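Report on the structure given below.
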Amino acid sequence: PIPRDKNEIAVCTAMAGEMLGLSTIYMDAGSGAEQPIPSEMIRAVADNIQVPLIIGGGIRDPKRAVTHLEAGADIIVVGTSVEKDPELLIDLAQAVKSV
């Protein structure tokens with residue numbers, strides 16, 4: 001895993017993936033992660049790649065989903081929190097539409 005405070009490593013890894021031909025970059029904090037990927041890291045990666053950026057892990061509420069999208073995520077992945085509370089999907093969808 002890339003340490004949460006090492007944005008430059010995340011950027012270099014994402015850029016290398018893009019240069020090797022990946023059509024998307026997926027950054028994942030892990031299923032049910034206690035700490036989501038920092039917004040600063042998402043922004044740094046998004047600013048340095050041309051392919052879509054997918055972010056997952058630790059997204060438990062609409063505010064976090066919006067924060068990730070505003071930081072540069074093109075797609076967010078939500079799993080554990082929606083499995084625990086399926087109604088959350090409605091709130092997430094409404095929040096995502098607002099961005």
Side-chain angles (χ1 to χ4, degrees):
I2 297 172
R4 295 174 47 78
D5 64 340
K6 300 294 182 183
N7 294 351
E8 64 280 355
I9 295 174
V11 169
C12 290
T13 301
M15 289 174 64
E18 185 176 26
M19 289 179 198
L20 288 169
L22 294 179
S23 59
T24 58
I25 301 298
Y26 182 33
M27 297 172 63
D28 188 6
S31 180
E34 289 297 319
Q35 296 181 326
I37 297 171
S39 296
E40 299 79 20
M41 183 178 283
I42 295 169
R43 171 66 56 212
V45 171
D47 286 348
N48 286 282
I49 61 172
Q50 303 303 311
V51 297
L53 178 59
I54 304 169
I55 303 294
I59 303 171
R60 292 185 183 80
D61 57 61
K63 182 179 179 185
R64 176 61 60 189
V66 168
T67 299
H68 282 353
L69 292 168
E70 289 175 342
D74 296 295
I75 299 168
I76 57 167
V77 176
V78 181
T80 303
S81 59
V82 173
E83 290 172 5
K84 292 179 181 177
D85 178 12
E87 296 295 317
L88 178 61
L89 189 56
I90 295 167
D91 295 334
L92 289 167
Q94 290 172 343
V96 167
K97 284 182 184 181
S98 73
V99 179

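Computed from a predicted model, the values in this text were never measured in an experiment.
Under the 4.5 Å side-chain criterion, counting only non-hydrogen atoms from C-beta, Val77 is not in contact with Asp28. Side-chain contact between Leu69 and Val96 is present, with at least one heavy-atom pair separated by less than 4.5 Å. Looking at heavy atoms from C-beta onward, Glu8 lies out of side-chain contact with Val11 at the 4.5 angstrom threshold. At a threshold of 4.5 Å between non-hydrogen side-chain atoms, the residues Pro62 and Leu88 count as touching.
Hydrophobic clustering (ILVMFWY, side-chain heavy atoms < 4.5 Å, transitive): Leu53 and Ile37 are in one cluster. Side-chain heavy atoms closer than 4.5 Å link hydrophobic residues (I, L, V, M, F, W, Y) into clusters, and following such links, even through other members, never connects Ile75 to Leu89. Side-chain heavy atoms closer than 4.5 Å link hydrophobic residues (I, L, V, M, F, W, Y) into clusters, and following such links, even through other members, never connects Val82 to Ile90. A continuous path of Ile, Leu, Val, Met, Phe, Trp and Tyr side chains, each step under 4.5 Å between heavy atoms, connects Met41 with Leu22, placing both in one hydrophobic cluster. Follow the hydrophobic side-chain contacts under 4.5 Å out from Tyr26 and you never reach Met19; the two are in separate clusters.
Pairing each heavy atom of Asn48 with each of Met15, the nearest pair is O-CG, 3.5 Å. Closest approach of Ala14 to Val45, counting heavy atoms only: CB-CG1, 3.6 Å. Taking each heavy atom of Ser39 and Thr67 in turn, the nearest pair found is OG-CG2, 3.1 Å. Closest approach of Gly58 to Pro36, counting heavy atoms only: O-CB, 3.9 Å. Among all heavy-atom pairs drawn from Glu18 and Ile25, the shortest one is N-CD1, 4.1 Å. In terms of heavy atoms, Asp74 sits closest to Pro52 at OD2-CA, 3.2 Å.
At distances below 3.5 Å, at least one donor-acceptor pair connects side-chain atoms of Ser81 with backbone N or O atoms of Ile59. Between the side chain of Arg43 and the backbone N or O of Glu70 there is at least one donor-acceptor pair closer than 3.5 Å. Between the Glu40 side chain and the Asn7 main chain, no donor and acceptor come within less than 3.5 Å of each other.
Rounded to the nearest 0.5 angstrom, Arg64 CZ and Ile55 CD1 are separated by 11.5 Å.
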